[in-house]
Amino acid sequence: MTSPDPIAAKDGFTLYASVDGKPELGPDATERERVLFSLPHLARKLTGSDYAALTVMNRRGRIEQMYTSGMTQEQADEIGVPPQGLGVLGFMTPAGDPLLVSSVSEHPKSYGLPPGHPPMGALLGVAVEDDGHHAANLYLANRPGGPEFTEADIEVVEIVANLAATALENARLYRQEEALRLKADESSSWLEAVIRQAAVGILVVDSATGEILLSSPEATRIIGVPLAPGSPPRDYETAARYFRPDGTQVELDDLPLRMTRKTGVSAGPMEVVCRRPDGRRIPTLISAAPVPAGDTHGGAVIAIIQDVTHLKELDQVKSEFLSMITHDLRGPLATIKGLAAEIAIAIADDEKLLGDMEAIDEEIDQTIDLVSNLLDMSRIEAGSYPLDLEVAHMVDMVHDARARAARSRPGIGRKIVTDVPTGIPPIFCDPTQIGRVLDNLISNALKYSDADVLVTSLSGPETGGIRTEVSDSGIGIPEADTSSVFDKFFRVTGGPRAGRGAGLGLAICKAIVEAHGGEIGVISKPGKGSTFWFTIPAYAEDGESETRDD
């Protein structure tokens, strides 16, 4: 027998015909077509019927393919698109009983057969359901005068119909899987295109092995070695060396990528200087985050490596500019302040003019403070602000800061309460700079509160060293601003504090405390006050408490 050719009719209908023997298809036929084509022949042989047909419908109930067994090619050509939903075949529904007719032509619903259709007597039909819809019908027929179909035939045909349902389901699932695979491939192509064009370095590695899965050209440029998919972790971990801004080397286990691989949680951003194999140093920000793989323990880790050389250069230019301007302003301001003092002496008898000169002198002091802060901030950032370290006691530094605050304009007539243990361990610090931190925090508390100011110091394992707190019951800080108050040039965005100062005092305090290996922070509630705190590493046990009240 030769391989039958599908007969393509109008409107997308295709008819596959086979006269006898095992149905065959051409080499381009799909597995779905081969399985469906074999089922009518199987049903016909198992029941001994003369004809068999399988009609496959789309979601709208339109017949798209018809597979027949027992018909000549000429008969198949004459049939064309079979009727649906009319006559005897209109009884076919997935939830209904099998269609069993002793004589098609004698049935009251019969519309007759198409021209060229072989005459048929007994008819057996079974509906096929797939994914909740009427997907196909399997028919068996005998010539007029042939035997009628029995219950045993129905059981056989239902088994074959189930095979058809399985074939249709497998084909549908395959198409869905293929569509998802194509979409995944397309998404992967998009991702690779985005990574290739990214302005930051992107490195995606296997979380278990560290093997490179994807990388961007920018990551290769920053690290200085080729980063091809499949490369081992040593290619990106040991080719370059990484240093903190203070010059100390960063161990591999402390880098965000390695930390995320080990812990499964995001790490960074970390500011490091990447020293490439060619010796070039590139300041970078590195962050890493896990890319989970569903419910499994696998997955990947993505690292973002940003070259901040340009930002560093801009910051350096800004710092140098501020340093130059502030340095040149200090001399004229000192001269103006001296002249103002001489004028104040000359007009001592004129109360109005004397008051004006005192206001001028106060503004000059504020300007000098601003200039000094700008100059100190630029020195701190340039690393040229050395600390004069010695063993010192917080009791003495708090006492001296309280005395200076009491002599200041905001502190005149105000009450400053200190509670510092006399036996608190000494610290190795620059007393002048720690005193400056205390001055700034106490001054802020006096400016923004009319009540008492409390300064306390504690020590112990739970405090992380010597913890000093400056508390007030003033206006407080908006919750949205508490995380930014120590940033350079930051000023509170709302309330009475808005717009005051240049936003450098707390930034300098932060730099000084961190230069001593400590931490600084704030706890505040609007309308209830603020507590600024800082810790400095301690070296001894706590002593008894001494309370001073001025």
Side-chain angles (χ1 to χ4, degrees), residues 194-205 212 214-227 233 235-261 265-291 301-325 374 376-385 483-490 502-504 506-508 510-515 519-520:
V194 170
I195 288 178
R196 284 195 301 269
Q197 300 300 322
V200 297
I202 300 177
L203 192 61
V204 183
V205 305
I212 296 176
L214 289 172
S215 67
S216 69
E218 179 67 1
T220 293
R221 184 192 69 80
I222 293 174
I223 298 178
V225 294
L227 301 174
D235 285 5
Y236 58 85
E237 288 186 334
T238 61
R241 298 178 68 186
Y242 304 90
F243 299 87
R244 296 180 180 86
D246 61 7
T248 58
Q249 185 170 347
V250 182
E251 300 297 329
L252 291 178
D253 285 341
D254 295 331
L255 288 172
L257 185 56
R258 180 74 75 86
M259 291 174 64
T260 299
R261 282 184 56 202
V265 298
S266 299
M270 173 184 285
E271 183 178 355
V272 300
V273 177
C274 174
R275 192 176 75 184
R276 307 192 325 172
D278 60 7
R280 181 183 174 187
R281 293 175 175 264
I282 300 179
T284 64
L285 281 178
I286 302 179
S287 302
V291 182
V301 173
I302 183 170
I304 306 298
I305 311 168
Q306 183 179 4
D307 184 346
V308 295
T309 301
H310 183 59
L311 297 178
K312 288 289 185 180
E313 290 173 348
L314 290 177
D315 202 45
Q316 179 66 23
V317 170
K318 181 191 70 177
S319 297
E320 291 175 355
F321 174 76
L322 288 175
S323 179
M324 177 186 67
I325 294 297
L374 286 170
D376 289 344
M377 196 73 238
S378 63
R379 287 175 176 173
I380 290 171
E381 291 178 336
S384 58
Y385 198 80
S483 61
S484 305
V485 294
F486 296 100
D487 295 343
K488 289 185 301 180
F489 307 111
F490 178 82
L504 285 174
L506 292 176
I508 291 174
K510 182 174 185 289
I512 292 173
V513 170
E514 290 181 348
E519 297 179 348
I520 191 169

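Predicted model, so just to flag it, every value in this text is computed and none were measured.
- Partners of Glu519 by salt bridge (charged side-chain N to carboxylate O under 4.0 Å, His left out), not counting sequence neighbours: none found.
- With sequence neighbours left out, Asp235 forms a salt bridge (charged side-chain N to carboxylate O under 4.0 Å, His left out) with no residue at all.
- Contacts of Glu237 classified as side chain to side chain donor-acceptor pair (under 3.5 Å), with partners at least two apart in sequence or in another chain: Arg258.
- Under the 3.5 Å distance criterion, the side-chain polar atoms of Thr284 are matched with a main-chain donor or acceptor of Val272.
- Once rounded to the nearest 0.5 Å, the distance linking CD1 of Ile512 with CD1 of Ile520 reads 9.0 Å.
- Within the 3.5 Å criterion, the main-chain N or O of Asp487 finds no donor-acceptor partner in the side chain of Ser484.
- The two residues Asp254 and Met270 come nearest to each other via the heavy atoms O-CE, 3.1 Å.
- Not counting sequence neighbours, the partners of Arg276 by the side chain to side chain donor-acceptor pair (under 3.5 Å) test are Asp278.
- Partners of Arg275 according to the salt bridge (charged side-chain N to carboxylate O under 4.0 Å, His left out) rule, which considers only residues two or more places apart in sequence or in another chain, do not exist here.
- The side chain to side chain contact (heavy atoms under 4.5 Å, CB included) search around Pro277 returns Val225, Ala239, not counting sequence neighbours.
- In this structure Glu271 satisfies the side chain to side chain contact (heavy atoms under 4.5 Å, CB included) test together with Pro245, Leu285, Lys312, sequence neighbours excluded.
- A search for side chain to side chain contact (heavy atoms under 4.5 Å, CB included) contacts involving Ser483 returns nothing, not counting sequence neighbours.
- Looking at every heavy atom in both residues, Val265 comes nearest to Pro290 through C-CD, 4.0 Å.
- A search for side chain to side chain donor-acceptor pair (under 3.5 Å) contacts involving Thr238 returns nothing, not counting sequence neighbours.
- Between Leu203 and the options Leu257, Ile222, Leu214, a side chain to side chain contact (heavy atoms under 4.5 Å, CB included) holds for only Leu257.
- In this structure a side-chain-to-backbone donor-acceptor pair under 3.5 Å is present from Ser215 to Leu227.
- Gln306 CD to Ile282 CD1: the interatomic distance, rounded to the nearest 0.5 Å, is 12.5 Å.
- Of the inter-residue distances, the one linking Ile305 atom CD1 with Ile223 atom CD1 reads 4.0 Å to the nearest 0.5 angstrom.
- Note that OH of Tyr242 and CG of Leu255 are 6.5 Å apart. Values are rounded to the nearest 0.5 Å.
- Remark: Ile304 pairs with Val200, Ile202, Ile302 by the side chain to side chain contact (heavy atoms under 4.5 Å, CB included) rule, at least two apart or across chains.
- For the atom pair Asp253 CG and Arg261 CZ, the distance stands at 10.0 Å (nearest 0.5 Å).
- In terms of modelled atom types and a separation under 3.5 Å, the side chain of Thr260 and the main chain of Pro256 share a donor-acceptor contact.
- With sequence neighbours excluded, no residue satisfies side chain to side chain donor-acceptor pair (under 3.5 Å) with Arg281.
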